[in-house]
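Taking it in order: structure first as structure tokens, then the write-up.
Convention: sequence-line order gives letters A, B, ...; per-chain numbering from 1.
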Amino acid sequence: MSRVAQLRHHPRTPIAIGVLGAIAVALFPLFRPPLDGLTNDAILALAFVVMALGLNLVVGFAGLLDLGYVAFYAFGLMVTGWWASDFYSSVNDEKGIHVGTSDFVSNLPGIHLNFLLLIIGAIVICAVAGIVIGLPTLRLRGDYIAIVTLAFGEIIGRVFANGDEITIFGDNKLSNGRQSISPIDQINLPVFGEFDSALNLRPYYWTVFALVLVVLFVNFRLRDSRLGRAWIALREDEVAAASMGVPLVKTKLLSYAAGGAFGGISGAFLGPFYTSINANQFQFGFSIFVLAMVILGGLGSIWGVVLGAVALSFVNYWLIPDVLDGEFVRDKLDSLGLDFSFTEVTFGVFGFLLVLMMVLRPEGLLPERRRQMELTTPGEGGLEEPGEAKVFEARV
Amino acid sequence: MEAASVTGAPSRRRSEAVREFISRYGLIAILLILPVVYGIQDLSDDGNLNRLGNNLVEGLSNGAILALIALGYTLVYGIIELINFAHGEVFMLGSLAAAALYTPFGLTPDTSTGGLVLGLTAILILAMLTSASLNVMIERVAYRPLRAAPKLAPLITAVGMSFVLQNVGILWIGASQVAIPDLLGSQKHLIEIWGVTVTRGHVLAIAVTIPLVFLLTSFVARSRLGKAMRATAQDPEAARLMGINVDTTISLTFLLGGLMAGAAGLISALYQTSIWYFQGFSAGLYAFTAAVMGGIGNIRGAVLGGFIIGIIQGISDNRIGNDWTPAIVFVYLVIIMVFRPQGLIGEETREAG
Amino acid sequence: MRVRWLAVLSCLFAAFALAMAACGDDDDESVSGGGDGGGGGISGDTLTIYSSLPLQGTSKGQSEAVINGEKLALKEVGGKVGKYTIKYVSLDDSTAQNPGTADEGQTAQNARKAVQDETTIFYLGEFNSGGTKVSLPILNKANIPQISPSNTYVGLTTDAPGSEPGEPDKYYPAQKRTYARIVPTDTIQGAALATIMKEDGCKSVHIFNDKTTYGAGLAKNVETAAKDVGLTVEGNDGTDKNAPNYRSLASKINADCFVGSGVTGENYVQVFKDVAAANPTVKLYGPDGVAEEAFTNPAKGGIPADVGARTKITVATLGLEEFKKRNNAQAEKFFTDYEKEYGVAQPDPYAIYGYETMALALATLEAVGDKANDRKAVYTQLLTNTKDRESALGVYSIDENGDTTLTDYGLYTIKDGLPTFTKVIKAQAG
């Protein structure tokens, strides 16, 4: 065998490529200016990777179609709005509560918690929210789960959009309604100090990259764990899983809780990154955006979902607004006499993509091996049909 | 769980019946909370039920539009057990088409009554046909290829089509609400009954919906094609064995649903006097709630559900504020789905219980 | 397997830490003007002026009018100030998913784009007060002078009634003022609306607001001002843009006058239509948020003519005849040049705002002469030395908060689908 062929078949090669790739991704912002638009888009892409991985747990692993994922994003963002801004400025006689914040922030009124505490808070709240959302769906199957989760997504979005009319613990509003809560504190990490997104985006990039690594790690461990296998069993055939001793209720609720927690983590990161949050963005379209990433990448396939998330993120935040609507393309269109803006068709492009994927390649770009066999072999069991027992390899 | 209700000891059947009774009347009780509470409040505030009555009339008219759209959802779900997510957009495009036809037909608020009646009837037919063909096209393109695929697939394509059609709406009239000429003076008062104001718009909505529902029900109940639809809904394999062309029957179902949605589109355009690319999404979800509330797969249920959701909407808009109405309607949806997924007059299906 | 994973992860974390350490101190490089008085000026002879407006949705018409005004002012000086060539870049702060208003994510990106461009000397925006809340802190930290053609929300510059606690300081993290606006705040617009309602014989008023920063803020100002002139405020309700209609809400109105405190893009055409139909005798009033053709012209999807006849709108600019009466030569020149350049005899009221915004920016640059490439010098000039400026809007100064001393509001009625100036409102600011 030639040297190259030897390398290609070496068991360590994928690892080496993976590490090199990861290092390249980590070092990428160094080659761009500190406030670069491309770095901005990359940060968003990585945040969506976290979210898509979370949705993948629910839809991909456990097979529960969740159309209301925006609810977890909402909770994550609102956590930063509540506990990392001056929204509750009357607290503690207007002196505020501060835990682990920088000097500048420690003088501001309102509740200010350190970023790491925000993440923990978001995880807890989203896990609880996931369980609450999951409870009504326990007895339902398929389409009905989709509808109930969609309804919850809308309810929660609405509650936050009208939250300025609801008061809790006295005079405090639940949210600022359709107006934004700003500014949200910058991320302040113990060793690395406080970031400043008006001057340098790189620390944000590395933070979200670290979050992605952690989330990926957790995902891989989950998938290969007992719980992960329980989810896959649930997805394949609920009745058979139950008769094999899989505790249905606990398994389903854990999938919502875990999936939701990831959404919360991403939301808690995006709050400080955006520096201003607004309940207007909690729309159904967001849930579909994340779902499209999971579907594009391949339901249940971790690397597929990462790819799908990065791809769609870049399409939405970079390709369409900056390239297709950028000067070069516009000049070309002008010369053809067309007054057409690509940003107007962003919606339609995603919708079309969903239709195309499901008709042509439902298993996604980087499918999970088991799913590929399922979807391409005609008449085989899928999410709903009870199939015959199959013997599969342990490794997917 | 269904099997238990068919065979089994009498005690089990009785407990099933009790459960059924509690869940049905429990749901009715929950639905009555809003009108009763606000009725009592009205009586103590004003001494009469006029305000509630106005809410009800408003709600019935909104409900008529929802009922027509809900019919589309329920017909399609009954026959292929698929939620046609794009149905709301079919309604929206029917509305847009109707509004676009005002000018070619020369209809303005000043046109004579005779001219209006003729023109609007023509537009009604055209809008219905537009929506119907759109619905049939969607079925061919997005659902038929995926009939053998797991349930997740057509659901996602449906959502995808919904987005594509919303974008068509954006490209057609822009992303904001567009006001259209108020041809019928839809807010002009017609009569006052018992202190409740009934406007032209209200009468229009009811007057167009009732005949259409009648026509649809008799078609499905009496005609051969209707029989084919019901047979396919009950058991597609058996229907095929009996010589029914299942594909054509399904397309016909989509056609009928589309016709209803198109009619709803025209009524909405005349009633609201504005069109918006996003109106299909909200109306669609409400209509789906209505279909489930009545009992999905059940035509009478869809109409009943439509009126009920319309009334809830009317009361909520006026008392609680129209920014809360969606949340309230969806809370009702969740309650129905959890406690009585078969709706008020439907039967238990595989999806629930 | 486990050992492999640990090895991979530790490699990655090592890389991460190294990268952070190596690059942690690069913050002050390549961001010109970062930090206090950092490094003097911009190199080269081109200065860039960015404009950020919502170019999609219902605001399109208004924004285009602003842009036309800005370009006209730039053209009048030949695109140069002293030895510097001015480059003008128009940015869109709305998105397809969120048209008709400033989208926060996009606004932040626009602000960062301006910060990253070393030649930026002015940022003209946002159009919506809610958008400025996002861009101002970012631009403030980078010392970029900012002028808004249309923000009226009180809390952006002062803590007068109508603002929230913590405002305006939370928009100035660098603890100095870099923002000015050429339109009076809503304290004055609220007073103008109250004055005109009182003149028209109103006894009570019912307010709807669109729940945005602008609409809700103005509604509060109207409430205060109305009470000050002796009107009873029957209610102040929020409206939801996504509602199909507002009839149920409109039937709650008992007052004889109505104020729709919102922008066209929040579905205020439908609001006015439904209120007018449910209450045939109520008088209707709107603020500058609806002073555009998309609202006033039935042929462009606006309110029908019979509703338009009952509606009065307040805008912080006056009509051509009034300017002529006041011998405002700049205004006359503006109207003439605008018609010559764009062929429109009656420009959208916002066109003159755009014109004056750019004119003010250019005049400030001219006043500092060679130091026009020094951001600090420019914003200092803007906020401390703009006194008794003769402009197309009248004679005004910019106070230390960034607010204009102009308080004239024009009353506009709707004729032939266009907002038409009728008279001046002399309002007492509460």
Side-chain angles (χ1 to χ4, degrees), chain A residues 59 63 65 67 135-148 150-159 161-162 165 177-178 283-285 288 291-292 295 299 340 344-360 362 374-375 378-385, chain B residues 1 77 81-83 85-86 89 138 141-142 145-146 148-171 174-175 277 281-282 285 288-289 292 296 321 323-335 337-339 341 349-353:
Chain A
V59 184
L65 182 55
L67 289 183
L135 274 172
T137 70
L138 288 175
R139 287 195 314 160
L140 307 176
R141 311 252 173 99
D143 310 359
Y144 280 35
I145 296 185
I147 295 294
V148 171
L150 196 164
F152 269 116
E154 288 294 294
I155 293 174
I156 289 174
R158 282 278 144 179
V159 165
N162 297 321
E165 295 171 25
R178 290 184 183 272
Q283 310 260 5
F284 176 59
I288 293 302
L291 182 67
I295 302 243
L299 279 170
F340 177 69
E344 287 183 351
V345 296
T346 325
F347 267 128
V349 166
F350 283 122
F352 186 62
L353 196 68
L354 281 177
V355 178
L356 210 63
M357 287 304 298
M358 289 325 275
V359 173
L360 294 180
E374 248 174 60
L375 287 169
E380 290 294 297
L383 272 182
E384 302 315 315
E385 275 71 61
Chain B
M1 266 198 222
Y77 196 85
E81 285 195 350
L82 167 80
I83 303 174
F85 249 101
E89 273 62 48
I138 293 175
V141 164
L146 295 170
K151 273 302 175 49
L152 187 58
L155 199 58
I156 295 183
T157 9
V159 175
M161 280 310 297
S162 160
F163 271 67
V164 171
L165 293 175
Q166 276 184 33
N167 217 150
V168 170
I170 294 182
L171 289 173
Y277 84 95
F281 178 72
S282 13
L285 276 181
F288 180 76
T289 311
V292 175
I296 194 119
D323 39 357
W324 285 107
T325 305
I328 294 184
V329 172
F330 292 137
V331 166
Y332 272 102
L333 177 63
V334 174
I335 292 177
M337 290 283 211
V338 174
F339 294 110
T349 66
R350 217 166 52 88
E351 298 310 273

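Partners of B:Leu82 according to the side chain to side chain contact (heavy atoms under 4.5 Å, CB included) rule, which considers only residues two or more places apart in sequence or in another chain, are B:Ile80, B:Tyr143, B:Pro154. Under the ring pair (Phe, Tyr, Trp, His ring centres under 6.0 Å) criterion, B:Phe288 pairs with B:Tyr73, sequence neighbours left out.
For A:Gly351 against B:Val164, the heavy-atom pair with the smallest separation is C-CG2, 3.6 Å. The nearest pair of heavy atoms linking A:Tyr144 to B:Pro341 is CE2-CB, 3.9 Å. Shown here for B:Gly160 and A:Val355, the closest heavy-atom pair between the two residues is C-CG2, 3.8 Å. For B:Met337 against A:Val148, the heavy-atom pair with the smallest separation is CB-CG2, 3.6 Å. Across every non-hydrogen atom of B:Ala327 and A:Ile155, the tightest pair is O-CG1, 3.9 Å.
Interface residue A:Leu150: only side-chain heavy atoms are found under 4.5 Å from chain B. Only the side chain of A:Ala146 comes within contact range of chain B, with at least one heavy atom under 4.5 Å from a heavy atom of that chain. Using a 4.5 Å cut-off between heavy atoms, A:Leu67 touches chain B through its side chain atoms alone. With a 4.5 Å cut-off on non-hydrogen atoms, B:Ile83 touches chain A through its backbone and its side chain both. With a 4.5 angstrom heavy-atom cutoff, B:Ile156 touches chain A via backbone and side-chain atoms both. Within the 4.5 angstrom heavy-atom criterion, no atom of A:Leu356 approaches chain B.
For the pair B:Asp323/A:Glu165, a side-chain contact is recorded, criterion being any heavy-atom separation below 4.5 Å from C-beta on. The shortest distance between side-chain heavy atoms of A:Ile147 and B:Val292 does not fall below 4.5 Å. You'll find the side chain of A:Asp143 reaches within 4.5 Å of the side chain of B:Tyr77, heavy atoms only.
Side-chain atoms of A:Arg158 never come within 3.5 Å of backbone atoms of B:Trp324 as a donor-acceptor pair (strictly under, hydrogens ignored).
Between chain B and the residues A:Asn162, A:Val349, A:Ile288, A:Leu354, the largest count of heavy-atom pairs under 4.5 Å involves A:Asn162.
Below 30°, between 30° and 60°, or above 60°: for A:Phe284 and B:Phe85 the angle between ring planes is below 30°, a parallel geometry.
Note that CZ of B:Phe281 and CD of A:Glu154 are 4.5 Å apart. Values are rounded to the nearest 0.5 Å.
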